[in-house]
Amino acid sequence: MVDYITRDGVALLQVNNPPVNALSHNVRAEIKNGLDEAGQDKQIKAIVISGKRSFIAGADITEFKSGSYSEWPTIIDLCDLIESSGKPVVAAIKGFALGGGHEIAISCHYRIAHEKSKFGFPEVDIGILPAAGGTQRFPRLVGLEAALDLIPSGRHIGAAQAFKLGIVDKVVRGDAVEEAVKFAKSIAGEPLVDRRTSQRPVMGAENAVSLRDAAVKLAMKKKKGMIAPIHCIKAVMGSLLPFEQGMEIEASEGFMLFTSGQMGALQYAFFAQRAAPKWSLPCGASFKTVKGRPIRNAAVIGAGTMGTGIAMAMLNAGIPVTLVEQDRKFLDKGVSLLKLLYAGSVSLRKITQDQCDAILSKLNTAVGYKSLTNVDLVIEAVYENMALKKQIFAELDRICPPETFLWTNTSALDIDEIASATRRPDKVLGTHFFVPAYHMKLLENVRGKLTSAETVASAQMFGTRIGKIPVVVGNCHGFVGNRMLHKYAHESDFLIEEGCWPEDVDMVAENFGLPLGPFKVRDLS
Ligand SMILES: CCCCCCCCCCCCC/C=C/C(=O)SCCNC(=O)CCNC(=O)[C@H](O)C(C)(C)COP(=O)(O)OP(=O)(O)OC[C@H]1O[C@@H](n2cnc3c(N)ncnc32)[C@H](O)[C@@H]1OP(=O)(O)O
């Protein structure tokens, strides 16, 4: 799991634990063995830590449940061993240096990074904090302000920004490992005293109170309902104390999170989100046995809120889309809404004008279905009316080539009945997007009785391609998402009957952590 390679006086410890080089117990033990071996070998003058393919994406998240994250040697032990090494240790970073991987990197004496590498502390999003000294070493490396920005937000940054902040010493275009080995040779024997991050002072300490207050305010706005950001901030503030005392604060703040229900829930969600796209059917079909067909172009029927949102989700992924209406007036209204939303993204600097123009160049419009003779996929997104949907599907079935997938955006209607209006029920499937469809991650792919495995595979591939978390569900009233939301909507309505105002109900739901309260969501639909 960790290859030990010697190169002309340099020991290269290369982590090889696919898929992301997580710091599982065996990996930690082998890194420790490698450090010991390199420390004892008189021929070795410097050490390089790297990862095959990518650096290290952090602790092995499965170990937080099993408990083995706390088995010796822990990531804390490794960081201390690395930092206190008498021989210089250089991190060679390509790909991701996240969480515990980032903590290992900042415990090294030098860091050489490939220009495309990424850095971050995503612990906050799985309900914990960088508990291997990250909250103490990072402020010492980048200053209090940057640490209070990056640790509670969990934001990833690129190599260029990491260089600006002082996280990395050199950014390279070529092979980071080769550069790091060369660099390690060149600094072997130099004093390391000012290279030990834990020994540095924290910059920005004079503004500690205002920086802390601003960080708390931002965390409460951006990560509503989450407890980890506040514990992250408290731990980072501990870095103003001597290192050992700060480590104690980090441990006590960490303890509260490691024993919290939120940690369990967020880590469950982490793995569930990755499991959902991997579908399988009762007949045994799955991605292992069935290939999906890539969608080269598509049409969306209906330029209302859902239709334009779905069109945007596809355009954002670079899929050419024809937006179709029966009436020019409705079509123009939908296109204006879509353009307004993109203009908003430009003014908020989420995309540049050039990117906006490139996206819109892939949008076509049509009145009526006649032009849909060469599309891989049609998603119908008109209002929920079975008779209307069946009429549209019958017409699409006549016009579109026989291999075209015909999918319906519905939150409740029977997919089998809609499919019965066509001669290709195997290519009919429900796509249940959630409002706003260009933003919400969940996509329910509803499988009818006759939907083929190829159609399901294509829909799952398509969902991932447009940045959604696609999940295959059965064809029943409300599918899965709405059956869950049903209870929530009922309780919200009861509160109104009992005298609450809709805005009060929304406020409570939003303070709990939901991006929009139930009544605001209904206003959007
Ligand atoms: C207080 C009491 C203490 C007692 C004493 C204890 C002392 C010990 C303290 C220890 C402190 C530890 C502090 C450190 C904590 C951490 O590091 S937490 C982890 C932080 N890192 C992350 O959150 C990164 C998570 N991963 C990702 O964001 C992405 O995977 C990626 C790296 C950006 C790559 O993305 P992509 O290419 O899209 O791949 P994915 O589909 O997301 O993942 C591929 C498969 O890998 C699995 N996986 C990913 N990351 C991890 C991980 N860190 N651990 C385990 N598994 C991981 C993922 O589930 C996928 O698996 P499959 O679905 O099976 O393919």
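Small disclaimer: the values here were computed from a predicted structure and weren't measured. Order of appearance sets the numbers: ligands from 1, and atoms from 1 within every ligand.
- Protein heavy atoms are absent from the 4.0 Å sphere centred on atom 61 (O) of ligand 1.
- Here D149 pairs with R155 in a salt bridge; the nearest charged N to carboxylate O distance falls below 4.0 Å.
- Contact annotation for atom 36 (P) of ligand 1: protein absent (non-hydrogen atoms, distance under 4.0 Å).
- Of all protein heavy atoms, the one closest to atom 56 (N) of ligand 1 is F271 CE2, 4.0 Å.
- Ion pairing of D175 with K94 is absent here, as no side-chain N (NZ or NE/NH1/NH2) approaches a carboxylate O to less than 4.0 Å.
- Ion pair E103/R137 not flagged as a salt bridge, since none of the NZ, NE, NH1 or NH2 atoms sits closer than 4.0 Å to an Asp/Glu carboxylate oxygen.
- Only the side chain of P19 comes within contact range of ligand 1, with a heavy atom under 4.0 Å; no backbone atom does.
- Atom 23 (O) of ligand 1 has P122 CG, 3.5 Å as its closest protein atom, hydrogens excluded (heavy atom only).
- For the side chain to side chain contact (heavy atoms under 4.5 Å, CB included) test with I310, the passing option among I379, I466, L443 is I379; the others fail.
- By the 3.5 Å distance cut-off applied to N or O atoms, A131 is not counted among the residues near ligand 1.
- At distances below 3.5 Å, at least one donor-acceptor pair connects side-chain atoms of E83 with backbone N or O atoms of T197.
- Looking only at side-chain heavy atoms (C-beta outward), C476 and R483 come within less than 4.5 Å of each other.
- Less than 4.0 angstrom separates atom 18 (S) of ligand 1 from at least one non-hydrogen atom of the protein.
- Taking every heavy atom of D60 and a limit of under 4.0 angstrom, the matching atoms of ligand 1 come to 54 (N), 55 (C).
- The ligand atoms of ligand 1 that sit less than 4.0 angstrom from a heavy atom of F96 are 33 (C).
- Contact annotation for D125 and ligand 1: no heavy atom of the residue comes within less than 4.0 Å of the ligand.
- At a distance under 4.0 Å, no protein heavy atom can be found next to atom 39 (O) of ligand 1.
- Using a 4.0 Å cut-off to heavy atoms of I76, the atoms of ligand 1 that qualify are 7 (C).
- Judged purely by distance below 3.5 Å, without hydrogens or angles, the side chains of E145 and N207 never pair a donor atom with an acceptor atom.
- Judged purely by atom type and a 3.5 angstrom limit, H109 uses its side chain to pair as donor or acceptor with the backbone of V89.
- With hydrogens and angles left out, the side-chain atoms of Y342 and N316 include a donor and acceptor closer than 3.5 Å.
- Applying the ring pair (Phe, Tyr, Trp, His ring centres under 6.0 Å) criterion to F271, with sequence neighbours excluded, gives no partner residue.
- Compare E103, E63, Q273, H156 by their heavy atoms: the one nearest to atom 13 (C) of ligand 1 is in E103.
- In this structure, the protein non-hydrogen atom closest to atom 54 (N) of ligand 1 is I61 N, 2.9 Å.
- Using a 4.0 Å cut-off to heavy atoms of K278, the atoms of ligand 1 that qualify are 62 (P), 63 (O), 64 (O), 65 (O).
- Salt-bridge annotation for K32 and D36: present, with a side-chain N of the basic residue lying under 4.0 Å from a carboxylate O of the acidic one.
- Side-chain atoms of S24 and N26 include no donor-acceptor pair closer than 3.5 Å.
- Considering only non-hydrogen protein atoms, atom 5 (C) of ligand 1 sits nearest to S70 CB, 4.1 Å.
- Atoms of ligand 1 found under 4.0 Å from any heavy atom of F270 (numbered from 1 in listed order, with element): 25 (C), 26 (N), 49 (C), 50 (N), 59 (O).
- Not a single donor-acceptor pair under 3.5 Å links the side chain of D169 to the backbone N or O of I112.
- The closest heavy-atom contact to atom 21 (N) of ligand 1, among the options A251, A57, S54, comes from A57.
- The distance criterion of under 3.5 Å between nitrogen or oxygen atoms is met by A59 with respect to ligand 1.
- Listed by atom number, the atoms of ligand 1 under 4.0 Å from G58 heavy atoms are 17 (O).
- At the top of the distance list for atom 12 (C) of ligand 1, counting protein heavy atoms only, stands I75 CD1, 3.9 Å.
- F405 and F462 have their aromatic ring centers separated by at least 6.0 angstrom.
- If you check each of N17, I126, V20, D77 against atom 49 (C) of ligand 1, the one with the closest non-hydrogen atom is V20.
- Formation of a donor-acceptor pair under 3.5 Å by the T464 side chain with backbone atoms of Q460 is found in this model.
- Of the listed residues (W72, F64, Y69, F255), the one carrying the non-hydrogen atom nearest atom 4 (C) of ligand 1 is Y69.
- Here's the thing with G99: none of its N/O atoms is less than 3.5 angstrom from an N/O atom of ligand 1.
- In terms of polar-atom proximity, defined here as any N/O pair under 3.5 Å, R274 does make such a contact with ligand 1.
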